[in-house]
Number of protein chains: 2
Amino acid sequence: MMLSQTEENYLKAIYSLTYTNSNNVSTTLISEAVKTKASSVTDMIQKLAEKDLVHYKKYQGVSLTEIGQKIAVEIVRKHRLWEVFLLNKLHYNWDEVHELAEQLEHIKSETLIDKLEIFLEFPTHDPHGDPVPDKEGNIKHHNDTMLSSVETGKSCVVIGIKDSSDPFLKFLDKLQIQLGNTLKVISKEPFDNSMLVETTIGSISISNQISKNIFVKNL
Amino acid sequence: MMLSQTEENYLKAIYSLTYTNSNNVSTTLISEAVKTKASSVTDMIQKLAEKDLVHYKKYQGVSLTEIGQKIAVEIVRKHRLWEVFLLNKLHYNWDEVHELAEQLEHIKSETLIDKLEIFLEFPTHDPHGDPVPDKEGNIKHHNDTMLSSVETGKSCVVIGIKDSSDPFLKFLDKLQIQLGNTLKVISKEPFDNSMLVETTIGSISISNQISKNIFVKNL
DNA sequence: AAAATAATTTAGACAAGCCTAAAAATATAA
DNA sequence: TTATATTTTTAGGCTTGTCTAAATTATTTT
Ligand SMILES: [Mn+2]
Ligand SMILES: [Mn+2]
Ligand SMILES: [Mn+2]
Ligand SMILES: [Mn+2]
């Protein structure tokens, strides 16, 4: 099945919205994700339903079919492998790779991404800690421990971030928090759920907004 | 200036047709190069003229403006650097890289291609022996010595090919002729201008059609 | 339960890039 | 130098993906 870039972007958007939101994704949510108007989304959804890529009943939202999901995961795989390439080989920063990968993920080839994966020596995660789906589309999702739920006095390792938007990444850079860093929760403030955290460069206060967006592994 | 992939392909086509043909490129030639109908080419040419990327007078053919040429060379640069990447890093064969580079050359980024060039350690030529334009668009064209014009008894080195079409590349593979190979002209047949050539694997007869498409450097 | 609000879909329109068919201009041949 | 053939352009139409405005359906509020 030969899909346009636009169609691929819709599928990818529906895929990730299914995880972060309900099982049946709303027109409005998709329109925000792909940056169009809701009416355009309705048009596209009907086209995708026609091609059996999504389940769709008027006014009931949309979900991916098996084949739709398979394609979405393939695009995610491409996106993340390209991100690894850009960071590891071309030495981009982790806040620069996403936009470029948005383009590269649409390159059409039967062989390219597998050769890239070999070249990159089978990375398991992208620069933001998100898992790289394998060739068959299998994907190991994050265990969803967030920094916010780590108990006082305990240590943990940063393994990913939920929000990989540019401003958040830049903010973490400023705090010098990187994947693999060990963090220790010194204290928690019940009033606003902020926490004092021991990092590689010292103790810093982290708001709940931030700590809810950092995936960690308890030590 | 933000151009569509289609517009970029037209500019690139006009650029290379200017070299292989006359200074003013005809509508029909372009239509063959970009695989559309002549009427579509006329439409596009008028759009490009509107944007000052080509010089155009009705019925008189088309040529690139300075800015049009600059953009065309940038695309050629991207194309060739991606070809090097695909061959050197992902281990594609030289007959597989062109099609993929046709897609990759359209990735939009201020920094990507320069970083790629650094990563590839500033290659001077692509896998077909064509020169890689530098950042400023300077390009060292082939000295145009063809194998067909090498004198009997003399040796030469293969430095490029004029026709990098898939069938021609596959044919050269079969003959085991590669860039860098030394060839010695043993004899020429005046009847059909074919020549007997000493290659790395022995003596083979090469037709004029072939020898006219192989760039060489005399030893 | 009815009214008000919000979300979704439909209708009609537009730009990009392509097509076919017909008209106009140019090139070639008689 | 006409007549014929070829090339190029124009005219009108199609598809994709978008938009605005209006109609419809669903959800909230009263
Ligand atoms: Mn990304
Ligand atoms: Mn990522
Ligand atoms: Mn090529
Ligand atoms: Mn090439």
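What you see is a predicted model, and the numbers here were worked out from it, not measured in a lab. Below, each value reflects all heavy atoms present in this structure, side chains not excepted, and no hydrogens, waters or symmetry copies.
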[N] [atom2] sits how many Å from [X] [atom1], rounded?
{"X": "E50(B)", "N": "dA15(C)", "atom1": "CD", "atom2": "P", "result": "14 Å"}
{"X": "Q5(A)", "N": "dT16(D)", "atom1": "CD", "atom2": "P", "result": "16 Å"}
{"X": "K57(A)", "N": "dA7(C)", "atom1": "NZ", "atom2": "P", "result": "22 Å"}
{"X": "L48(A)", "N": "dT16(D)", "atom1": "CG", "atom2": "P", "result": "12 Å"}
{"X": "I45(B)", "N": "dA16(C)", "atom1": "CD1", "atom2": "P", "result": "17 Å"}
{"X": "L3(A)", "N": "dT16(D)", "atom1": "CG", "atom2": "C1'", "result": "14 Å"}
{"X": "M44(B)", "N": "dA15(C)", "atom1": "CE", "atom2": "C1'", "result": "12 Å"}
{"X": "I30(B)", "N": "dC18(C)", "atom1": "CD1", "atom2": "P", "result": "13 Å"}

With the side chain of [X] defined as its heavy atoms from C-beta on, choose the nearest nucleotide among [options].
{"X": "T6(A)", "options": "dT9(C), dT10(D), dT18(D)", "answer": "dT18(D)"}
{"X": "T36(A)", "options": "dC19(D), dT8(C), dT9(C)", "answer": "dC19(D)"}
{"X": "Q60(B)", "options": "dC19(D), dT9(C), dT26(C)", "answer": "dT26(C)"}

Are [X] and [N] close enough that a side-chain N or O sits under 4.0 Å from OP1 or OP2?
{"X": "Y59(B)", "N": "dA23(C)", "result": "no"}
{"X": "S40(B)", "N": "dC19(C)", "result": "yes"}
{"X": "S26(B)", "N": "dT7(D)", "result": "no"}
{"X": "K37(A)", "N": "dT9(C)", "result": "no"}
{"X": "Y56(A)", "N": "dT8(C)", "result": "no"}
{"X": "Q46(A)", "N": "dT10(C)", "result": "yes"}
{"X": "Y10(B)", "N": "dC18(C)", "result": "yes"}

Problem set entry | Pair K12(A) + E105(A), salt bridge at N-O below 4.0 Å |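 A salt bridge links K12(A) with E105(A).
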For this session: Starting from the 5' end of DNA chain D, give me the residue, V34(A) or D43(B), whose nearest nucleotide shows up first.
Result: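 Closest to the 5' end, via its nearest nucleotide, is D43(B).
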Exercise. Taking for each residue the nucleotide of DNA chain D bearing the nearest heavy atom, is the 5' side occupied by K58(A) or by A38(A)?
Worked result: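 Residue closer to the 5' terminus by nearest nucleotide: A38(A).
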Exercise. Looking across every strand, which nucleic acid part, if any, lies under 4.0 Å from T42(A) by heavy atom: base, sugar-phosphate, or nothing?
Worked result: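 Base contact.
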Problem set entry | Working for side-chain contact (heavy atoms from CB on, under 4.5 Å), residues L81(A) and F122(A) | CA-CA 9 Å; L81(A) 283 170; F122(A) 295 91; over 6 Å; no
Exercise. Within 45 degrees of the axis of the six-membered ring of F119(B) and under 6.0 Å from its centre: does K89(B) put its NZ or CZ there?
Worked result: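 Ring-cation test returns yes.
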Exercise. F215(B) versus V158(B): any side-chain heavy-atom pair under 4.5 Å?
Worked result: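 When only atoms from C-beta onward are counted, V158(B) and F215(B) do not touch, as no gap falls below 4.5 Å.
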For this session: Give the C-alpha distance, both sets of side-chain angles, the deciding distance and a yes or no for salt bridge (charged side-chain N to carboxylate O under 4.0 Å, His left out) between D114(A) and R77(A).
Result: CA-CA 10 Å; D114(A) 297 334; R77(A) 171 172 156 81; 2.7 Å; yes
For this session: Would you kindly check whether a donor in the side chain of S39(B) faces an acceptor in the base of dT20(C), or vice versa, at under 3.5 angstrom?
Result: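 Counting by modelled atom types and ignoring angles, a donor-acceptor contact under 3.5 Å is found here.
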Problem set entry | Aromatic plane relationship, F85(B) with W82(A) - under 30° parallel, 30 to 60° tilted, over 60° perpendicular |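 Taking F85(B) first and then W82(A), their aromatic rings sit tilted (interplane angle of 30° to 60°).
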